[in-house]
Structures are given as structure tokens and as C-alpha cells.
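Predicted model only: the values in this text are computed from it and were never measured.
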Amino acid sequence: MLNSEQLLTAIRDRIDHPATARELVQRLKIPREQRATVTRLLKGLVESGHLIQTRGNRFGLPDRMDLVIGRIQTNPRGFGFVIPDRPVEGVGGDIFIAGANLNQAMHGDRVVARIERSAGDRTEGRIVRILERGSSNIVGRFEEDESGMGFLVPFDRRMITDVMIPDTERKDAKPGDMVVIEITRFPTATRSALGRVLDVLGDIEEPGVDTEIIIRKYGISDVHGEDAIAEAKRLGGAVKEKDIRGRTDFRPITTVTIDGEHARDFDDAITIEKLPNGNYWLGVHIADVAHYVPEGGPLDEEAYERSTSVYFPERAVHMFPSELSTGLCSLNPNVDRLVQSCLMEIDRRGEVVRYEIHDGVIHSDARMTYTDVNAILTDHDPVLTKKYSALVPMFETMRELFQILNGRRKRRGSIDFDLKEPEIILDDEGMVEQIIALERNVAHRLIEEFMLVANETVAQHLDEHQVPTLFRIHEQPDPLKVDQFEEFISTMGYGLGAPSNAVKPRHFQRLVEKISGKPEEKPIAFLMLRTMQKARYDPQNQGHFGLAASSYTHFTSPIRRYPDLVVHRTLRESRQGMSQERIEELTDDLPEMARHTSERERRANDAERELVQWKKVRFMADKVGDEFEGYITGVTAFGLFIELIEHFVEGMVHVSTMADDYYRFIERQHVLRGENTGRVYRLGDRVRVQVIKIDMERRQIDLGLTEILERVRHSEADRGPRRSRAEPKAERHLKTAKRKQRPGKRERQDRKGRSR
């Protein structure tokens, strides 16, 4: 049976121009009984962006037509960038779209862009077609113009389209209210967009409204559908005896979960023992969500649409209803739970010498926290050690194996950033009370190491058995970006020690070790991350550069990530025997699944990051005028980004406040240099700043460099007090009379010439 990959390969190899479906069938000699399949496959290839359907119903390859499929990100200043769905040969990054070439595309739309010019690392184009609107719903502030007509001021400043709201569609919204509107008429070249109010969220300063705004802005579904909830409730809250039959029984083995204090869903559990040969027998047991969520049902369809849980400071938006996420599929202590288990024999060098994969059932003996396990292993807390005395030997064995596995990863060059992340402490009203460093203790690290080795083992199994599935890939960095990174770190006395086209993960890891604990650690690490590709999901195993792993997937969290659910399904199907028809079906469906889930992951990350930044800005609102120490984490032509050491808050020093000199941006060195003084501000420098302004509209903290502010103040003081610009009438008449006595322009120029 023909599949989409085979059809695409045939078109690429044998068709040299955009062709109709009829012409493709004839030229490719497709049998009559497969023509309906071709029609279906062509539709899928167009939807996934692998083919373009022209207005004349011809199908062509985008790259051969200088066309790119991707999402448009607009800028408040009126232009935009298309982010391609997949890497485009000859295009190094995003495609710049001038305002005149947006053609009514709105932020978030999936579009077809034509490449019109490419020079160096900058590519420009124009939008030629809108494939899919990003969202018909927009959140913003309701306002009225002078005539009383309602309109929306979008919360997302990248939404640069006016949306008018007729009186009949405003509900009970009052000027200043935050609202959610639905676009009822998208903009055209001659007409603005129209909308209607769906929900009134209320005052932006009310507790909880900020989270609601971010959820609505990113189009994250906050309420589970009735059908999905009904399906989850029908499953019940306990494991049924019939579901256990045929599974490997791990209930007699001591099993624990280790999670954060406030975790409500537990999707991984650990068993471990030391074997007589000195090796370790590690069991990673993951909630068997796939057993309860059949493909194509209400729970599955809703989970696919969400693709991931989203975690905000105040609450989580779960991929599954609570009946599953904190109930039947949560590995709670002292109850039976169904799992898919990866058991690995690991030798003293950290190599997996044998593994088994089972459908199992466990009975967790204890719900442990990272804090308690760390207190037992690191602090030897007597109270906790006594309380969990039966489990302490197990934790000691875990630590031994963690050190072995971590050493193995380091030897092969896996890049291990250990930067302190901020943890936000909220008060009862959801306002930030404190921002502290989130410490990754030994308990965090050992669980992370066990999850990594399980993910890697499952990925190798699937790859070796040629099972169609979703891999987690991280591609080799772009040599051009590596060159730019190398050029920058060389100014600070560092180097990768390898050509840009032959750089390996170990070269980056050695640099991480060299900068550890130094002032320049964080900015270099951030720039290193920007130098690398973004990890994503893909049906093809291309390895994971950052982990220095030849195979990697996500197996350990099907309760909160849809790709893990796909891996669980394909893993079980491969053990039971996968039909050729199923292989072809997955081969067709997985590319779009990879694109969709990767995009949803980015959306969740962006939403979480924006809400945290907003809360940080509000936290700083009463600190205008205060001074702080910080590090320069970004340098641009328009100023410096500074992260405050005390609060992990980032603000910006705009170049306009650097009024003691003219500062020029030297891009490749990531510095601002004063023209006259030669004073330099570079990435990684420690500086002292003053909070000048909190801009709640842009959710931005404006800072000033203390040393420059003081120099400017002293300079102004030396000039003496400023005089009022308003002059007495008599003085103005006197100046006018003097001006009349001055020589003309030509005469002044002659005098100037003679004075040389």
C-alpha cells in the first residue's frame, strides 16, 4: 500500500514541475485501485506543508518554488518573521516580512511565504497565502473611541490588527475591562476586522486575572470537554482485576516515587537492587496511560490537541482530566497501578548490558519528596533516617548508580548545564512574595538520570526494531552560529577547540566546566543555548546532540506529554506484533504529529515564561529608585538586558539612558562601546543598576546603569541651574533687535572661512 513518504519521494524524484492529481497518477503509473489513496495522501501532504496546492489545483514542492510553510510572528512595529515548520536549505533562520508584504496575515497564522531575497544570514519574503488562522479568539482591553464605537486593544502587542466591536456584540463590557473576543470577520485589504465579546475577565489587577489572560492569549484550553470527562469517570478510580491479568507483577518489589512537595500527579516510580555480579538492576515504571486512553476517543483527541500540560505558578492546566492525571494514572502510594516498565541491568561503567520491557502492575510503598531524600542522603537527618529506615539502603544504592550514570554521560560529552533556576513564592492572592533560587539537589539529579537512561534505552529498542514512533531529536548546531559563538568567547579567553563544522557535544561540555562558578557563566551558557538548535519531536531518529545520545525519545511522562503516549502505544504494539497496514498508517501520521506536538510544547513554554515575567514585573513595582547588582545577559543595538542577582528578575537599560557618550553596538563581540570614552559594556559584565520605571503595559522593567546616571547628574550639576525657557517680554524684544544687527548667512560663512 502506497504511503505519503513513498509518494513524496516519487514526486521529488520523477516530477519536474507542479502537476495536477491526474497528471501525477499518470506519470507515476499509480494503479487504479490506489487512486483514492493518492487523493487522501495529497491532501495530507498539503496540510503538513510538504506540498503546495496552487490555485490551478497543481501540486508542487515548496522548496523548488521558493516557498516556505511556517508560522508568522509579527512585531508591534509592523513587520514580521515566518518561522519555517522545518529547516529550509539555504535559509539560516527566520524569514523577514516587511509590513507591506504581510498581506493581512495576523500573528500566529500558518502561512505560505515566498522567498524574494537572501543575503548572508538574512532572508526576506512576502506572504502569498494564509493556510490556517492562528486563532479566532483574542484577549485584550475593551475601549471606546470618540464616537462610542467599541474596539479591542490586544494584550499581545504583536497583534497589530484593529478589531472593531459593534454595540450589539459587546455584552456587558465596560471601557478598561479585560475581555476575550472572537473575530467574526477577518481583515481584508479594504476592511478592518470585526469581533464580538465572548467573556469579560474583569480588572487586570484582580487576583488570578493575569493567569486567565495568559491562558486565553495562548489559546490554551482550560476546561476539559464533557465527553472526555465522562470517559475518564467511566474508567473508575481503581485498577480492575481483569486489567492485571497477563501483566508482570512487580507488587512484591519495594517501589517508591520521588517528586516535589506540591506534586499532585506521579507518573514514574523506581525499583532498584544490586545484583550478585556487582551490576545494578534498575526498574523505571511509568503510568500506563495508553491502556486507558484508546486512540481516537474523546480523551485521546483532547490530549492530542493540548499535547502537553502547562504549569503556571498558581496552577497547572493538565493534558488529561483530574480523574486520570491525579487519579487512576497517578502512581499514588499503597494502591495498585498499571505501568509500562523498562528494567535495565547497568554495569559499573554505566553501560546498559541487558534490558527488558514489560506491561506491569506496581504497588508503590512510599511517596517520597526530593527534600526528604536529599536530607537522608546529604544531611543524614536522624529523624527522617529513622522514619524511612527500611528504604535508606535503597536510596544509598540509587545514589551509587546515579554517580555511575552521571559519570558515563560526562565521559561521552553530554552537555550538563547546572544554572540556578528561579522559584516564585506566591501569597494567598497570587502575588509574588519572594523569588528564590531553586536548588537541584542529589534527589532531583538521580531521578533525572534514571529517566534519561530509560528514555535512551527505549529509543534504542524502537530504533533497532525499526518501529515507527516519535523520537526526541536535537540536531547539530548551525556552523555559522558556532563561528559567531566562538568569535565571542575568544574575546573572553575561551574557545571550543574544534572547527565549527566538526564540533561535538564534549567541546561544549568542556567549556561549561571551565566557566562554572565564574561571573561569565550565565551569559555564556545562555548564548550557548541560543547557538544550538531547539530540541523537537520527529519520526526520524537523528540523535540528541546535547545529550550526546545516538537515540533518544520521551517515554517517562505520558500523563503530561502526548509524544510519550505515542511512544507507549508503539512500544506495546511492537511487542505484540505491528501489522504492515499499521506501519503505513503511522508513517503517514507521525510527521504531522511531530510538528503539532513540537509547536504545542513551544506554546506552553512561551506561556509559562510570559506569566512568570509578568509576575516578576509586578513584584518590582514598589522598588522604583532602588539599586541592585546584576549581570549583563544580553546586548543589543538598543540597550542592555540585565538580570538582577538578588531577585532573578530581568530588566532593560535602554541606550537612551546611557547619555554620557554615544554607544555603538558591536554585534559579533556582544558589546556596546562608547565612541569618545572607549568604555565597554559586554555580555557577562557585573554592573550596578537603578530601577527607573516599571512599565506594566509592556510588562517591562526599565533600568539605568548607576555609574552613568551619576556621571550625567554630575555633568548637569557642573553646568549650573537650568533657566526657564519662558523669557520676559522685554528680553525677547532685545534679542530680536540684536538679531537684526547680525550679518547675513553668506557674510558669516565668509568670516568663518577667513578665520581658518
Charged N to carboxylate O below 4.0 Å: is that the case for Lys274 and Glu400? yes
Intermediate values then yes/no, side chain to side chain donor-acceptor pair (under 3.5 Å), Ser307 and Thr597: CA-CA 5 Å; Ser307 288; Thr597 53; 5.5 Å; no
Neighbour count above 12 (heavy atom, 6.0 Å) for Glu5 CD: no
Results of side-chain contact (heavy atoms from CB on, under 4.5 Å) for Gln460 - residues two or more places apart only: Glu456, Glu464, Ser550, Ser551
Separation between CD1 of Ile270 and CG of Leu446, rounded to the nearest 0.5 Å: 8.5 Å
How about CD on Glu448, more than 12 heavy atoms from neighbouring residues, nucleotides or ligands closer than 6.0 Å, or not? yes
Once you round to the nearest 0.5 Å, how far does CG of Leu401 lie from CD1 of Ile272? 4.5 Å
CG of Asn374 to CE of Met368: how many Å apart, nearest 0.5 Å? 11.0 Å
Under 3.5 Å, is there a donor-acceptor pair between the Glu345 and Asn277 side chains? yes
Please name all residues satisfying side-chain hydrogen bond (donor to acceptor under 3.5 Å, both in side chains) with Gln576, sequence neighbours left out, ordered by chain then number. none
May I ask you to say whether Lys387 pairs ionically with Asp372, meaning some side-chain N is under 4.0 Å from a carboxylate O? no
Counting neighbours of CZ on Arg354 that are heavy atoms of other residues, nucleotides or ligands and sit closer than 6.0 Å, is the number greater than 12? yes
Side chains of Asn279 and Asp347: any donor to acceptor distance under 3.5 Å? no
Test item: His474 side-chain N/O and Gln533 main-chain N/O as donor-acceptor pair under 3.5 Å: yes
Does the plane of the ring in His444 sit parallel, tilted or perpendicular to the ring in Tyr370? Use 30° and 60° as the thresholds. parallel
Answer yes or no: is there an ion pair linking Arg472 with Glu601, defined by an N-O contact shorter than 4.0 Å? yes
Please identify each residue that fulfils side-chain hydrogen bond (donor to acceptor under 3.5 Å, both in side chains) with Arg595, with sequence neighbours left out. Glu592, Glu599
Got a salt bridge between Asp359 and Arg575, using NZ or NE/NH1/NH2 to carboxylate O under 4.0 Å? yes
Among all residues two or more places apart in sequence or in another chain, which pass the side-chain hydrogen bond (donor to acceptor under 3.5 Å, both in side chains) test with Arg569? Asp300, Tyr562
More than 12 heavy atoms of other residues, nucleotides or ligands under 6.0 Å from CZ of Arg411: is that the case? yes
Carboxylate-amine/guanidinium contact Asp85 Arg71, below 4.0 Å: no
Do Ser414 and Arg409 have side-chain atoms, one donor and one acceptor, less than 3.5 Å apart? yes
By side-chain hydrogen bond (donor to acceptor under 3.5 Å, both in side chains) - contacts of Gln509 (at least two apart): Glu513
Is atom CD of Glu667 surrounded by more than 12 heavy atoms (other residues, nucleotides or ligands) closer than 6.0 Å? no
Going by distance alone, is a donor N or O of one side chain under 3.5 Å from an acceptor N or O of the other, for Glu486 and Tyr494? no
Polar side chain donor-acceptor pair, Asp365 to Thr254, under 3.5 angstrom: no
Between Lys481 and Asp483, is there a side-chain N and carboxylate O pair less than 4.0 Å apart? no
Evaluate the ring planes of Phe555 and His568, with Trp represented by its six-membered ring, and classify them as parallel (under 30°), tilted (30 to 60°) or perpendicular (over 60°). parallel
Do NZ/NE/NH1/NH2 and the carboxylate oxygens of Arg251 and Asp336 come within less than 4.0 Å? yes
Going by atom types alone, do Thr553 and Asn455 pair a side-chain donor with an acceptor below 3.5 Å? no
Establish, yes or no, whether a centroid distance under 6.0 Å links the rings of His554 and Tyr537. yes
Under 3.5 Å, is there a donor on one side chain and an acceptor on the other for His285 and Thr255? no
Reported CZ-to-CZ distance for the pair Arg445 and Phe450, which is rounded to 0.5 angstrom: 12.5 Å
Please determine whether a side-chain nitrogen of the Lys or Arg among Arg603 and Asp606 lies less than 4.0 Å from a carboxylate oxygen of the Asp or Glu. no
Tell me every residue that passes side-chain contact (heavy atoms from CB on, under 4.5 Å) with Glu643, counting only those two or more places apart in sequence or in another chain. Lys522, Thr633, Phe648
